[in-house]
2 protein chains.
Amino acid sequence: MGHNGRRRIPEATVARLPLYYRSLIDCNERDLATVSSDQLAELAGVNAAKVRKDLSYLGSYGTRGVGYDVEYLLHEISRELGLTQDWPCVIVGAGNLGAALANYRGFGARGFRIVGLVDDASDKVGQTVGELTVEPMHTLANMVNERSISIGIIATPASAAQPVADALISAGIRSVLNFAPAVISVPPNVSVRKVDLATELQILSFYQLRGLTSGPALVVDRPA
Amino acid sequence: MGHNGRRRIPEATVARLPLYYRSLIDCNERDLATVSSDQLAELAGVNAAKVRKDLSYLGSYGTRGVGYDVEYLLHEISRELGLTQDWPCVIVGAGNLGAALANYRGFGARGFRIVGLVDDASDKVGQTVGELTVEPMHTLANMVNERSISIGIIATPASAAQPVADALISAGIRSVLNFAPAVISVPPNVSVRKVDLATELQILSFYQLRGLTSGPALVVDRPA
DNA sequence: TTCACTTCGAGAAAGCATTCACAAGCTCGG
DNA sequence: CCGAGCTTGTGAATGCTTTCTCGAAGTGAA
């Protein structure tokens, strides 16, 4: 089993773990007991070599000649991703997007519960969105503390993104998901991930313009 | 000035062009005539060497000792990204997310107009969302044709994503933006980009769990 | 003009990520 | 128990991205 122990997991691999996680849930629902790297690759839309390399960073969880035990691997990946615990989130910005995210059952299901919705527009405060009530911005620090919030989601216009990020960080948040079309700067102990619709559309238009496609086209696993 | 001409632009660079584009718009609004790679780097949240390398793939648009002409560079990047033309989009799925996206002024502004909203739930069809009326799924092919739609946005539950993708593709769409938490497979002449909230949150939780940060953790600016 | 200073462009080096290729390890039929 | 047939795990090879470095080219002052 090689040597394993505490290896550093490459960023690119981390970014794919959620993909494997989802694929394994599929397998589980179909009552598959084991899955090969080939099958998992097809489900996750990557190639088999990558699956094996990625999973090898977690440890030697497969069995040669057989594949990976679905339940076991699922458990290990959950653990690595921290999905065995709860991650309360706050959304800042109760506009279209913020409200849609607050209602969005689909990631709430997986341990990321939205426990607060904040906006500083006085006409929004007090409104209810799903099961949440919009609270004013100045309650943020208390809220983060009392509800043990660990993730902040920015769903404001671009101009508000930086001040909101600063507020989240000074409230103690160290993980931020930014939907605003703006770069935010944060101290080095804070993680930011961004989701930017305009960017994605622009990338699509770049490739469409020249009749090319982005990414490694499709998964057609060819034995050389 | 090197040799330039028609160079292949690396994927990583393409993914950053929208960032530069946005940063340049900022510059323009602040009436800056020129911008250095250092300044642009700060605005875009990357480092200066990367900015220069990236821009050099487009051509030698800078002036040594001065920097880049904001208007000119803006124009060139617009052209590369295809933002000088219109890209009509259709959204499939008029649930929370689909409706929010349909209303989302912010990417509509930049040439990506939503000209169709489709859902096959009979209770959704006929509803109005913003300026759009929800139309039934079977009108998709006609709609794509008549409204010259070039980009399809999938905002359905995971289970519907693949059939919807198939429908979009057989309607002639070659660029797809997928918000559903599912891998979709497409023929090699179609581009897919995905936006997955659950994935992003899981990546954040991975790093938070071990007190690490994702990405180059760059940027210094300090909040309180 | 010359000098001090600035900034780009791009080759070269370094660092990551992906893919290849195959030995090692497992199962199963006989 | 043995050999055939799978499938993993991983070093090595390849390819892509980022970073380093520095010559070339521009500015403005004297």
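Convention: sequence-line order gives letters A, B, ...; per-chain numbering from 1.
- The closest donor-acceptor contact from the side chain of A/R210 to the backbone of B/E80 lies under 3.5 Å.
- Listed nucleotides D/dT18, C/dC8, D/dG9 differ in distance to B/S37; the shortest reach to its side chain belongs to C/dC8.
- A straight line from CG of B/D54 to P of D/dT17 spans 10 Å, rounded to a whole angstrom.
- Within the 3.5 Å criterion, the main-chain N or O of A/L81 finds a donor-acceptor partner in the side chain of B/S205.
- Nearest nucleotide to the side chain of B/A12, out of D/dT17, C/dA23, C/dA10: D/dT17.
- The side chain of B/P10 lies closest to D/dT17 when the candidates are D/dT17, D/dT7, C/dT7.
- At C/dG15, none of the side-chain N or O atoms of A/R8 fall inside 4.0 Å of OP1 or OP2 (strictly under the cut-off).
- Atoms CG (B/L58) and P (C/dG9) sit 10 Å apart, rounded to a whole Å.
- Per the geometry, CG belonging to A/L40 stands 13 Å off C1' belonging to D/dT8, to the nearest Å.
- Computed from coordinates, the B/D69 CG to D/dG26 C1' distance equals 15 Å when rounded to whole Å.
- Mapping A/G65 and B/L55 onto DNA chain C by nearest heavy atom places B/L55 closer to the 5' end of the strand.
- Phosphate contact (OP1/OP2 of D/dT19, side-chain N/O of B/N47, threshold under 4.0 Å): present.
- Of all nucleotides listed (C/dA10, D/dT19, C/dC22), C/dC22 comes nearest to the side chain of A/R52.
- Atom-to-atom, CD of A/E11 to C1' of C/dA17 comes out at 11 Å; the value is rounded to the nearest Å.
- In this structure a side-chain-to-backbone donor-acceptor pair under 3.5 Å is present from A/W87 to A/G82.
- Of the candidates D/dT19, D/dC22, D/dT10, the closest approach to any side-chain atom of B/A49 belongs to D/dT19.
- OP1 and OP2 of D/dT17 both lie 4.0 Å or more from every side-chain N or O belonging to B/K50.
- Out of C/dC26, D/dG26, C/dG9, the shortest distance to the side chain of B/T63 is found at D/dG26.
- Of the candidates D/dT17, C/dG9, D/dT18, D/dT18 carries the atom nearest the B/R16 side chain, counting heavy atoms from C-beta on.
- An OP1 or OP2 oxygen of C/dG9 is reached within less than 4.0 angstrom by a side-chain nitrogen or oxygen of B/Y68.
- Put simply, CG on B/D38 is 14 Å from P on D/dT19, counting in whole angstrom units.
- Aromatic ring orientation, B/Y61 versus B/Y72: perpendicular (interplanar angle above 60°, classes split at 30° and 60°).
- Taking CD1 of B/I184 as the start and CD1 of B/I169 as the end, the distance is 6.5 Å to the nearest 0.5 Å.
- Judged purely by atom type and a 3.5 angstrom limit, A/D26 has no side-chain atom pairing as donor or acceptor with the backbone of A/R30.
- Out of C/dA10, C/dT27, C/dT19, the shortest distance to the side chain of A/V66 is found at C/dT27.
- Nearest to the side-chain atoms of B/K53 among the listed nucleotides C/dG9, D/dG9, D/dT19 stands D/dT19.
- Atom-to-atom, CZ of A/R64 to C1' of C/dA23 comes out at 8 Å; the value is rounded to the nearest Å.
- Between the OH atom of B/Y61 and the P atom of C/dA10 there is a distance of 12 Å, rounded to whole Å.
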